[in-house]
Amino acid sequence: MESSLDAAARCLLEARYAIALTGAGLSVESGIPPFRGPNGLWTKYGEPPMNGYERFLADPRKAWEERLSPSGPMRELWQALSGAEPNPGHRALAELEDMDIVRATITQNVDNLHRVAGSRRLLEIHGNATLIRCIQCITRFERDEIDYAMLPPRCPRCDGLLKSDTVSFGEPIPTDVLTACGEEADHADCMIVAGTSATVYPAAAFPIAIAERGGDLIEVNPYPSELTALCRVTLTGPAGEVLPALVERIRALK
Ligand SMILES: [Zn+2]
């Protein structure tokens, strides 16, 4: 572990442009249940319909009624989200950004915890559960900026249909985020992959593209993943412990 930490720290210090990719494993340590895996919400409640976006478009009023008084997995998720706080893993990534070591963080999490922890260049590829998005003009709003007297609510800017910013099954990733993620991944010669096995596309494509170009991947996961074989350095353990140790090591070498 000691020498892997050194290797990862040196890798980041030598990188021209390092970014991070994070997933559910990072937020599990903040009490956010994952969707997949043994304790996953979908494992417990069953997979949601794969055509969630189509269903939203077919009956947005009903979707909003469910959204405003959630039940089942969504209720459990909302309760976890409202009480959750960033953990040392989130804070370490924000610190690495402050140190100009990490330039951007792409996350598959919708829980807003990176933002609360202080990450600034944050690309939420599956959206942000605390925000509302216009599906027409892609403007995002805070929940309390919107009038819910008439359902479905409409965009104050363009009168387009509003939905949760969380990307539903079957919904295209909003073009602004997807383009920005692609640009960051194209720039990057080093990527920290933390708390994700990076098997869900499109996020999975970014580390693979970086590795294929000869860039370095630094994996931070409790268990080996499908990505492990591609990684220059693998740091085994929970992100909430490994990432702060990595920050300390970088400070020592700097
Ligand atoms: Zn709009």
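In each ligand, atom 1 is the first atom listed, and ligand 1 is the first ligand listed.
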Does Glu54 CD have over 12 foreign heavy atoms under 6.0 Å away?
no
Donor-acceptor contact below 3.5 Å, side chain Arg91 vs main chain Pro86:
yes
Using a distance-only test with no angle check, is there a side-chain donor-acceptor pair under 3.5 angstrom linking Asn128 and Asp165?
no
May I ask you to decide if Gly170's main-chain N or O and Asn51's side chain share a donor-acceptor pair within less than 3.5 Å?
no
What are the protein N, O or S atoms, given as residue plus atom name, that sit under 2.8 Å from the Zn ion (ligand 1)?
Cys134 SG, Cys137 SG, Cys155 SG, Cys158 SG
Between Ser225 and Glu219, does any side-chain donor sit less than 3.5 Å from a side-chain acceptor?
yes
Return the orientation label for the His90 and His114 ring planes: parallel under 30°, perpendicular over 60°, tilted otherwise.
perpendicular
